[in-house]
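Notes follow once the structure below has been shown.
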2 protein chains.
Amino acid sequence: MTTSETERVNAAVQRLRRAGLRNTAARRGVLDQLAHAVGGRGHLTVNELYRALLARGVAVELSTVHRVLRQLVELGIAHTVPVGRTTTFGLADDAHHHAVCGTCGDMRQLPAEAVAASVAAARAVGIDTELSGQPGGVVVYGRCARCLTAAG
Amino acid sequence: MTTSETERVNAAVQRLRRAGLRNTAARRGVLDQLAHAVGGRGHLTVNELYRALLARGVAVELSTVHRVLRQLVELGIAHTVPVGRTTTFGLADDAHHHAVCGTCGDMRQLPAEAVAASVAAARAVGIDTELSGQPGGVVVYGRCARCLTAAG
DNA sequence: ATGCTCTTGCCACTACTTTGCAATAGAACC
DNA sequence: GGTTCTATTGCAAAGTAGTGGCAAGAGCAT
């Protein structure tokens with residue numbers, strides 16, 4: 001785990017504490033994994049998170065992972081992107097949006113500038129992404145090059 | 001059902017026939033409901049569709065509704081927008097994208113021009129929305145005015 | 001009307017998520 | 001360090017969404 005990952009986890013823990021929530025092994029574990037995942041695919045499913053924690057020796061229940069993630073999302077520390085039948089979770093500490101391959105679930109980040117026009121158009125029809133710190137964001141669903149070729 | 005709704009349903013049935021699929025009561029029923037829904041919220045969940053069909057006297061199984069919708073999506077006749085834990089379905093016959101309230105599920109349409117920059121940005125990172133006729137599109141998740149006020 | 005085969009109903013099953021309750025473990029305070 | 005208060009977790013059970021197999025039934029070309 002790099003210094004920057006540690007810092008991001010610590011910052012998230014501070015926010016938890018400020019919200020009156022305790023610094024538990026389950027929460028730190030989930031945050032560690034999320035911070036670590038940002039290098040790669042960026043987002044993880046609940047199950048991936050769960051298995052990664054077990055593999056690292058963090059004894060935790062699947063239902064607890066669900067509960068922890070729900071809280072992180074409510075606090076705006078994590079955000080979600082629905083992919084297929086499940087939901088993926090990522091740290092929300094820098095403002096970014098997502099492009100997802102609907103076939104394999106692969107995900108890329110999009111900078112805020114790139115989606116500004118979509119956000120503005122949504123606001124114009126009464127859907128606001130930015131107020132309220134509540135979960136929100138732009139998701140572009142498409143197909144990655146590999147899946148395009150595979151499908152012909 | 002207005003004339004235009006009938007036309008849209010007929011057009012969809014033609015596409016089904018061309019794909020070698022039969023014109024069955026279940027499929028027509030689902031298409032009718034989808035065409036009808038466009039006036040209002042625009043998209044329906046599988047359950048809403050199912051109940052609406054039963055209410056209209058179309059005897060159909062829930063699993064059949066799932067199967068029909070999957071086919072419609074594969075053929076590009078319908079498209080999906082994930083909302084919360086489920087998926088909503090709408091007719092895809094005019095190119096539009098979506099802005100969704102993550103709290104109440106209310107949905108608005110966004111014209112293709114409004115999201116063009118997001119689509120381009122996604123393509124730049126290797127996610128293509130337009131090729132392949134496969135399901136895809138831009139979804140802006142946010143909060144509608146009513147839910148923003150309700151949440152404070 | 002006949003026959004071929006696509007579709008559906010029925011039902012069991014998987015995957016994902018939520019919830020209630022008792023036991024446990026943070027953290028504030030002494 | 002020990003005590004106390006209550007948030008948090010484990011456990012187990014149930015709820016919700018979606019899938020798959022197979023035999024009976026329904027389109028449609030002829």
Side-chain angles (χ1 to χ4, degrees), chain A residues 9-10 12-31 33 43-54 57-75 77-78 80-89 102-103 105 135, chain B residues 9-10 12-31 33 43-54 56-75 77-78 80-89 102 105 135:
Chain A
V9 171
N10 286 341
V13 170
Q14 293 318 309
R15 293 182 63 181
L16 285 173
R17 302 278 315 104
R18 256 178 272 129
L21 301 182
R22 293 175 182 169
N23 177 9
T24 68
R27 291 194 179 125
R28 254 175 294 118
V30 168
L31 288 169
Q33 285 308 125
H43 277 233
L44 296 168
T45 66
V46 177
N47 240 287
E48 288 166 346
L49 226 18
Y50 172 61
R51 291 179 185 290
L53 289 173
L54 292 189
V58 180
V60 74
E61 266 288 307
L62 185 55
S63 61
T64 299
V65 179
H66 276 285
R67 282 189 274 223
V68 166
L69 286 169
R70 203 192 321 170
Q71 292 170 322
L72 294 180
V73 171
E74 274 163 13
L75 290 171
I77 295 173
T80 65
V81 174
V83 177
R85 221 190 324 151
T86 69
T87 305
T88 63
F89 295 81
T103 302
Chain B
V9 171
N10 286 342
V13 170
Q14 293 318 309
R15 292 181 65 180
L16 285 173
R17 302 277 317 104
R18 258 178 270 128
L21 301 182
R22 292 173 182 170
N23 177 7
T24 67
R27 290 190 180 128
R28 256 175 293 117
V30 168
L31 288 169
Q33 285 309 125
H43 278 231
L44 296 169
T45 65
V46 176
N47 241 287
E48 287 166 348
L49 226 18
Y50 172 60
R51 292 179 185 289
L53 288 173
L54 292 189
R56 268 185 34 200
V58 181
V60 75
E61 266 288 308
L62 185 56
S63 61
T64 299
V65 179
H66 276 286
R67 282 189 274 225
V68 166
L69 287 168
R70 203 190 322 172
Q71 292 170 321
L72 294 180
V73 171
E74 274 163 14
L75 290 172
I77 295 173
T80 64
V81 174
V83 177
R85 220 188 327 147
T86 72
T87 305
T88 64
F89 295 82

What nitrogen or oxygen pairs link the protein and nucleotides 27-29 of chain D at under 3.5 Å?
| unit_1 | atom_1 | unit_2 | atom_2 | d |
| --- | --- | --- | --- | --- |
| D/dG27 | N2 | B/Arg22 | NH2 | 3.0 |
| D/dC28 | OP1 | B/Asn23 | N | 3.0 |
| D/dA29 | OP1 | B/Arg17 | NH2 | 2.7 |

**Report entry** Separation of D/dA17 P from B/Leu44 CG (nearest whole Å)
**Finding:** 15 Å

Query raised in the report: How far apart are the closest heavy atoms of B/Val60 and B/Tyr50, and which atoms are they?
Result: O-CE1, 3.2 Å

Query - A/Leu62 CG - D/dA14 C1' separation (whole Å) - result: 15 Å

Query raised in the report: Taking the side chain of B/Ser63 as heavy atoms from C-beta outward, which of D/dT19, D/dT8, C/dT8 is closest to it?
Result: D/dT19

Report task. Round to a whole Å and report the spacing from CD of B/Glu74 to P of D/dT19. Result -> 10 Å

Report task. Output all residues satisfying side chain to side chain donor-acceptor pair (under 3.5 Å) with B/Arg28, sequence neighbours left out; order by chain, then residue number. Result -> B/Asn23

Requested in this report: Check the distance between C/dT24's C1' and A/Glu61's CD and give it to me in whole angstrom.
Outcome: 14 Å

Requested in this report: Report yes if the side chains of B/Thr86 and B/Asn47 come closer than 4.5 Å at any heavy-atom pair, otherwise no.
Outcome: no

Requested in this report: Could you please name the option among D/dT8, C/dC16, D/dA17 that lies closest to any side-chain atom of A/Arg27?
Outcome: D/dT8

Requested in this report: Mind calculating the distance between CD (A/Gln71) and P (D/dT8) to the nearest angstrom?
Outcome: 6 Å

Query raised in the report: Which residues satisfy the side chain to side chain donor-acceptor pair (under 3.5 Å) test with B/Gln71, sequence neighbours excluded?
Result: B/Arg27

Query - Touch class at under 4.0 angstrom, heavy-atom based, for A/Arg70 against every strand present - result: sugar-phosphate

**Report entry** Where A/Val30 and A/Leu49 come nearest, the two heavy atoms and their spacing
**Finding:** O-CD1, 4.3 Å

Requested in this report: Calculate the interatomic distance between A/Arg51 atom CZ and C/dA15 atom P; express it in whole Å.
Outcome: 10 Å

Query raised in the report: Can you tell me how far P of C/dT8 sits from CG of B/Leu16, to the nearest Å?
Result: 10 Å

Query raised in the report: Looking for any heavy atom pair under 4.0 Å, which part of the strands does A/Thr87 touch: base, sugar-phosphate only, or nothing?
Result: sugar-phosphate

Query raised in the report: Of the nucleotides C/dT8, C/dA15, D/dG10, which one has an atom closest to the side chain of A/Arg67?
Result: D/dG10

Report summary line: Rounded to whole Å, the CG-P distance (B/Leu75 to C/dT7) equals 10 Å

